[in-house]
Amino acid sequence: MSKRTQEIQSHIRDYLRGYGGQNLTALEQLANFAHWPEMAQREIDQRAAHIVGVFSDSELHAIATGTVDMQALACEVMTELGGKSS
């Protein structure tokens, strides 16, 4: 397991400790919920939809037709800003 994955797990555990400390029954419900990957993907989709919502019709058309590659542009900007693209 990577160091980054361990950091993510630690952060989530800390959040769950705080959540469960206030309401153990609610934490038990979360522990029994089996659809976390789907729920997380829906949230990612909603966040992407929010970003896309700021673009003009012509920008949306260019993205929809593949004239503009949003993924490539996002990677370029991440590199410019000193981040790592995947």
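Because the structure is a prediction, the values reported are computed rather than measured. Numbering of residues begins at 1 and proceeds along the displayed sequence.
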Inset, instruction - Apply side chain to side chain contact (heavy atoms under 4.5 Å, CB included) to the pair L16 and L27, showing each step before the final yes or no. - result: CA-CA 7 Å; L16 292 172; L27 179 60; 3.9 Å; yes
Inset, instruction - Establish whether F55 and I44 are linked, either directly or via other cluster members, by ILVMFWY side-chain heavy-atom contacts under 4.5 Å. - result: no
Inset, instruction - Using distance alone, with no hydrogens and no angle criterion, decide if E7 and S10 have a side-chain donor and acceptor under 3.5 Å apart. - result: no
Legend entry - Lys/Arg N to Asp/Glu carboxylate O, D14 vs R17, below 4.0 Å: yes
Inset, instruction - Using a strict cut-off of less than 4.0 Å between a Lys/Arg side-chain nitrogen and an Asp/Glu carboxylate oxygen, indicate whether R47 and E43 qualify as a salt bridge. - result: yes
Give, for atom [atom1] of [X] and atom [atom2] of [Y], the distance between the pair rounded to the nearest 0.5 Å.
{"X": "R42", "Y": "H35", "atom1": "CZ", "atom2": "NE2", "value": "9.0 Å"}
{"X": "H11", "Y": "Q6", "atom1": "NE2", "atom2": "CD", "value": "16.0 Å"}
{"X": "L73", "Y": "M78", "atom1": "CG", "atom2": "CE", "value": "13.0 Å"}
{"X": "L60", "Y": "T65", "atom1": "CG", "atom2": "OG1", "value": "10.5 Å"}

Inset, instruction - Using atom types as modelled and distance alone, determine if a side-chain donor or acceptor of T5 lies under 3.5 Å from a backbone N or O of M1. - result: no
Legend entry - Backbone N/O of Y19 and side chain of Q22: donor-acceptor pair under 3.5 Å: no
Inset, instruction - Report yes if some heavy atom in the side chain of I63 is under 4.5 Å from a heavy atom in the side chain of V52; otherwise report no. - result: no
Legend entry - Side chains of N32 and Q29 in contact at under 4.5 Å (non-hydrogen atoms): no
Inset, instruction - Decide if atom OH of Y15 counts as having more than 12 heavy atoms of other residues, nucleotides or ligands within a radius under 6.0 Å. - result: no
Inset, instruction - May I ask you to check whether over 12 heavy atoms, not counting those of E28, lie within 6.0 Å of atom CD? - result: no
Inset, instruction - Locate the shortest heavy-atom distance separating V54 from I51; write the atom from each residue and the value. - result: CG2-O, 3.0 Å
